[in-house]
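Scroll down for the structure; my scribbles are underneath it.
This chain uses plain numbering: 1 for the first residue, then up along the sequence.
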Amino acid sequence: MTTNSAAEKGAPRHARFLHTHGVAKVMGLVLVGALAAVSSGAYAFVRHYQGNIDTADTSFLVAKDKKTKDPSDPDAGHDLNILILGSDSRGGANSSIVKDKNEGQRSDTTIVLHVSADRKRMEAVSIPRDSLVDIPACQVDSKGHSTGTAPHTMFNAAFSFGADKAKALGGDESAQIAGGAACTWQTVESTTGITLDGYVVLDFSGFEGMINALGGVPMCIPTDIDAPKANLELKAGYQTLKGKTALGYARAREGVGDGSDLSRIKRQQELMGAISNKVFAQNFLTDSPKLLKFLDAATKSLHTSKSDGGLNLGSITSIAGLGFSLRHMSTSDITFLTIPNGADPTNPNRVVWTQPAASEIWTKLAEDKPLTAAEEKAAKKKTPTSTSTAKSTSKSTAGSSASSGTTKKPSTSSTPKDRDKDGITAADVVSSKAACTA
């Protein structure tokens, strides 16, 4: 078996150029936002965004009393694991947003988004970019072209290896993104033991457009921020982050907190929660013009996977069905967690996954069980019936079970969470001016 020459030096060949592009930390909300949108009953409006299909309004031909048919969840009864990635490509519209000389394709951060089979939970598990893992030989296209192996290498190198291989084969930017996502996919499955169902990749311009379409995202900034490399300067207090500022906040590391990537991940999770709160807000979901603007921005820069007989994230119809099955989910049901980790004994600038805690997370995810003690406690409160009934529902009647419930309100438990173990939910994020100044 061959080994990447870059891996022999312990880092991808772009490593010396890597800056802090934490876009993937908020990319999960593109999917969450789309799901929230269609679950509000707006799926009749979003089919317009399936490719460039020309549509015509035939409502005048439909009987006035004819009811709109609810979209079906094509994966009902099955839990889903979706890989969320952010491309830091400088091509196209991105060149005017991030003006540096970096070339190639990278994804500094990664999320595994888990959707439970009973459609009552979403869990976004972050994988630190500096995690040292064994990257396998990755197939990057349907013709069987593969990369070499890369033992004990930074996790984010997987995307670079796949993208570089696709480029060497003559692939365009789209093919490079697909190659990078494919190698990251295979690395996740190889190192975690879980099975992925699809991926979503978004770039800088798509993220900015999504935030602007939302009208900005309310955030409580605890301290002043001065991060020149991310073109970000903020004063402490209540802020509404618009596209450019939100992107800077997602990317910033130096000049914020302790300057570590792990600290940045926590801030990005809070940003994800704030975006989720905005998307799930009733005034947004019932406002068709705002909704359509958001979906237009989100879908313009999406790169998704599709599979015959599998999850098709490139299909608005499929997403609409999945979203409709999640229509009773609230922001308290979306948990953000970082895989347990610690400093590598041989290099304090790299991390390794803490065992057995990390393996326990991946095992629970594979078995579709709540990942944290807080989730387990919440699940028991919501399902006073027997555990066996709950398990049966999650595997055999998912997709329809949510229809009988009502939207749940965030809990107000006075017991503080252990963030490293319990993560945070979107409902935990301070997004109001009153709470921020309290």
Side-chain angles (χ1 to χ4, degrees), residues 28 32 35 75-82 84 111-127 192-197 265-266 269-270 272-273 276-277 280 322 325-342 353-429:
V32 173
L35 295 177
D75 298 284
H78 302 282
D79 59 303
L80 298 170
N81 296 317
I82 302 169
I84 307 295
I111 294 170
V112 175
L113 180 67
H114 181 76
V115 182
S116 65
D118 61 10
R119 302 302 187 253
K120 293 181 179 180
R121 304 186 326 273
M122 277 192 193
E123 290 138 341
V125 182
S126 298
I127 298 177
T192 68
I194 65 172
T195 299
L196 294 172
D197 297 284
I265 286 174
K266 290 184 177 181
Q269 290 171 341
E270 291 168 1
M272 290 174 68
S276 183
N277 289 333
F280 273 78
L322 177 57
S325 71
L326 295 165
R327 64 192 178 280
H328 294 302
M329 185 178 287
S330 75
T331 54
S332 62
D333 301 315
I334 305 174
T335 299
F336 305 100
L337 187 72
T338 304
I339 197 66
N341 64 85
W353 298 346
T354 305
Q355 300 300 347
S359 292
E360 289 173 355
I361 291 292
W362 298 127
T363 297
K364 286 181 178 180
L365 190 150
E367 296 176 351
D368 194 24
K369 296 178 179 178
L371 301 187
T372 70
E375 283 185 300
E376 291 175 353
K377 184 177 181 180
K380 289 179 180 179
K381 286 184 178 180
K382 295 173 186 175
T383 55
T385 54
S386 68
T387 303
S388 60
T389 300
K391 288 184 177 180
S392 173
T393 300
S394 71
K395 294 297 181 183
S396 60
T397 61
S400 60
S401 60
S403 64
S404 61
T406 57
T407 302
K408 298 171 283 299
K409 295 181 179 180
S411 61
T412 56
S413 173
S414 59
T415 304
K417 288 183 177 180
D418 181 337
R419 173 138 182 200
D420 288 336
K421 293 182 178 180
D422 286 324
I424 61 168
T425 69
D428 296 326
V429 177

Any heavy-atom pair between the side chains of L80 and L196 that's under 4.5 Å? no
Backbone of T195 reached by a side-chain donor or acceptor of N81 within 3.5 Å: yes
Separation between CG of L371 and CZ of R121, rounded to the nearest 0.5 Å: 7.0 Å
Does E375 offer a backbone N or O that forms a donor-acceptor pair with the side chain of T372 under 3.5 Å? yes
Between E367 and K364, is there a donor-acceptor pair closer than 3.5 Å when you use the side chain of the first and the backbone of the second? no
Taking D79 for its side chain and V115 for its backbone only, find out whether a donor-acceptor pair lies under 3.5 Å. no
Taking the side chain as C-beta and beyond, is there a heavy-atom pair between W362 and V125 under 4.5 Å? yes
Find the distance between OG1 (T425) and CG (L337) and round it off to the nearest 0.5 Å. 12.0 Å
Tell me every residue that passes side-chain hydrogen bond (donor to acceptor under 3.5 Å, both in side chains) with S359, counting only those two or more places apart in sequence or in another chain. Q355
Partners passing salt bridge (charged side-chain N to carboxylate O under 4.0 Å, His left out) against E360 (at least two apart in sequence or in another chain): none
Do D420 and K266 sit within salt-bridge range, that is, some charged N less than 4.0 Å from a carboxylate O? yes
For P340 and I361, the nearest pair of non-hydrogen atoms, with its separation, is CD-CG1, 4.0 Å
Specify the closest pair of heavy atoms between A374 and D422, including all atoms of both residues, with the distance to one decimal. N-OD1, 3.2 Å
If we only count heavy atoms from C-beta on, is the W353 to T192 side-chain gap below 4.5 Å? yes
I'd like to know if the side chain of S126 and the backbone of T338 have a donor-acceptor N/O pair within less than 3.5 Å. no
What distance separates D368 CG from E123 CD, expressed to the nearest 0.5 Å? 8.0 Å
When you measure from the side chain of D333 to the backbone N and O of M329, does any donor-acceptor pair fall under 3.5 Å? no
Just verifying a value: how many Å separate I334 CD1 and M122 CE, rounded to the nearest 0.5 Å? 6.0 Å
Minimum heavy-atom separation for N277 to A426, with atom names? ND2-O, 3.1 Å
Under the criterion side-chain contact (heavy atoms from CB on, under 4.5 Å), I'd like the reasoning laid out for D75 against R119: C-alpha separation, chi angles, the key distance, then a yes or no. CA-CA 11 Å; D75 298 284; R119 302 302 187 253; 3.8 Å; yes
Does some side-chain heavy atom of T335 sit less than 4.5 Å from a side-chain heavy atom of I424? no
Grab the two heavy atoms, one from M272 and one from A124, that are nearest each other, plus how far apart they are. CE-CB, 4.3 Å
Any side-chain heavy atom of L365 within less than 4.5 Å of one from V112? yes
When you look at R419 and E270, which way does the salt bridge (Lys or Arg N to Asp or Glu O under 4.0 Å) test go after all the steps? CA-CA 12 Å; R419 173 138 182 200; E270 291 168 1; 2.8 Å; yes
Distance check, rounded to the nearest 0.5 Å: I111 atom CD1 versus I127 atom CD1? 9.5 Å
